[in-house]
A.B. asks: 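First the structure, which I've put down as structure tokens, then a few questions once you've had a look.
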Amino acid sequence: MSGFEVLGHYSDRNLGMRDLDAAFVSHLAKRFEDKYKVGNPDKTFKTRNKIRDAVEKARKILTADQQAPINVDCLMDDYDMAELIKREEF
């Protein structure tokens with residue numbers, strides 16, 4: 001018998017995904033701010049959640065496809081966010 005005995009195991013499916021999503025939300029918010037100069041959408045709860053939801057959808061699409069669109073209508077001051085994310089970027 002080997003020197004190791006497995007007593008139990010635990011796995012967290014979301015380990016690292018929340019951190020990755022948060023970093024990507026910040027990245028997209030910075031891109032939006034640089035592009036439109038209307039403020040940082042990462043500072044308000046509503047706009048941050050809109051971007052986070054779009055990132056989660058894109059992540060699910062990227063599991064099967066090479067690229068995924070991120071579209072958020074009326075994110076801030078009637079400006080829309082439209083990005084195309086590739087699997088390599090994510």
Side-chain angles (χ1 to χ4, degrees):
M1 188 164 141
S2 69
F4 296 106
E5 181 180 344
V6 177
L7 300 176
H9 75 282
Y10 173 77
S11 64
D12 186 357
R13 291 182 51 214
N14 296 319
L15 184 63
M17 280 300 138
R18 288 186 184 141
D19 297 332
L20 185 63
D21 286 350
F24 208 66
V25 166
S26 296
H27 173 73
L28 288 174
K30 180 72 174 140
R31 266 177 147 173
F32 184 84
E33 182 181 22
D34 292 344
K35 187 174 183 179
Y36 295 110
K37 311 272 191 269
V38 293
N40 189 349
D42 200 21
K43 292 186 179 184
T44 63
F45 183 75
K46 184 177 179 180
T47 57
R48 185 176 50 240
N49 281 341
K50 284 182 176 182
I51 297 172
R52 189 185 67 218
D53 291 343
V55 165
E56 287 176 2
K57 287 178 188 175
R59 182 170 36 91
K60 291 175 184 176
I61 292 170
L62 286 174
T63 59
D65 296 335
Q66 293 294 322
Q67 58 188 12
I70 292 182
N71 296 314
V72 181
D73 294 332
C74 295
L75 183 62
M76 280 185 82
D77 297 337
D78 293 329
Y79 287 103
D80 300 336
M81 175 187 278
E83 299 284 339
L84 185 65
I85 300 302
K86 295 181 182 174
R87 188 181 290 176
E88 296 85 31
E89 291 178 49
F90 200 73

A.B. asks: With sequence neighbours excluded, tell me which residues meet ring-ring contact (aromatic ring centres under 6.0 Å, His included) with Y36.
C.D. replies: F32, Y79
A.B. asks: Side chains of K43 and R48: closer than 4.5 Å at any heavy-atom pair?
C.D. replies: no
A.B. asks: If I take atom CD1 from residue I85 and atom CG from residue D65, how far apart are they, to the nearest 0.5 angstrom?
C.D. replies: 14.0 Å
A.B. asks: Applying a strict under-4.5 Å side-chain criterion to I, L, V, M, F, W and Y, I'd like to know whether L84 and L28 cluster together.
C.D. replies: no
A.B. asks: Is V38 reachable from I70 through a run of I, L, V, M, F, W or Y residues, each pair having side-chain heavy atoms under 4.5 Å apart?
C.D. replies: yes
A.B. asks: Within this structure, what is the CZ-CD distance for the pair R87 and Q66, rounded to the nearest 0.5 Å?
C.D. replies: 4.5 Å
A.B. asks: Hey, is CG on D78 packed in by over 12 heavy atoms from elsewhere, all under 6.0 Å?
C.D. replies: no
A.B. asks: Please table the atom pairs, donor to acceptor, closer than 3.5 Å between any side-chain atom in residues 50-58 and protein atoms at least two apart or in another chain.
C.D. replies:
| unit_1 | atom_1 | unit_2 | atom_2 | d |
| --- | --- | --- | --- | --- |
| K50 | NZ | C74 | O | 3.3 |
| R52 | NH1 | N49 | OD1 | 2.9 |
| R52 | NH2 | N49 | OD1 | 3.2 |

A.B. asks: Show the nearest heavy-atom pair for residues S26 and D42, with the distance to one decimal.
C.D. replies: OG-OD2, 3.4 Å
A.B. asks: Heavy atoms only: give me the nearest R59-D21 pair and the separation to one decimal.
C.D. replies: NH2-OD2, 2.9 Å
A.B. asks: Among H27, R31, K35, exactly one meets side chain to side chain donor-acceptor pair (under 3.5 Å) together with E83. Which residue is that?
C.D. replies: R31
A.B. asks: Spell out, yes or no, whether L62 and V72 are grouped together once hydrophobic residues are joined by side-chain heavy atoms under 4.5 Å, including indirect joins.
C.D. replies: yes
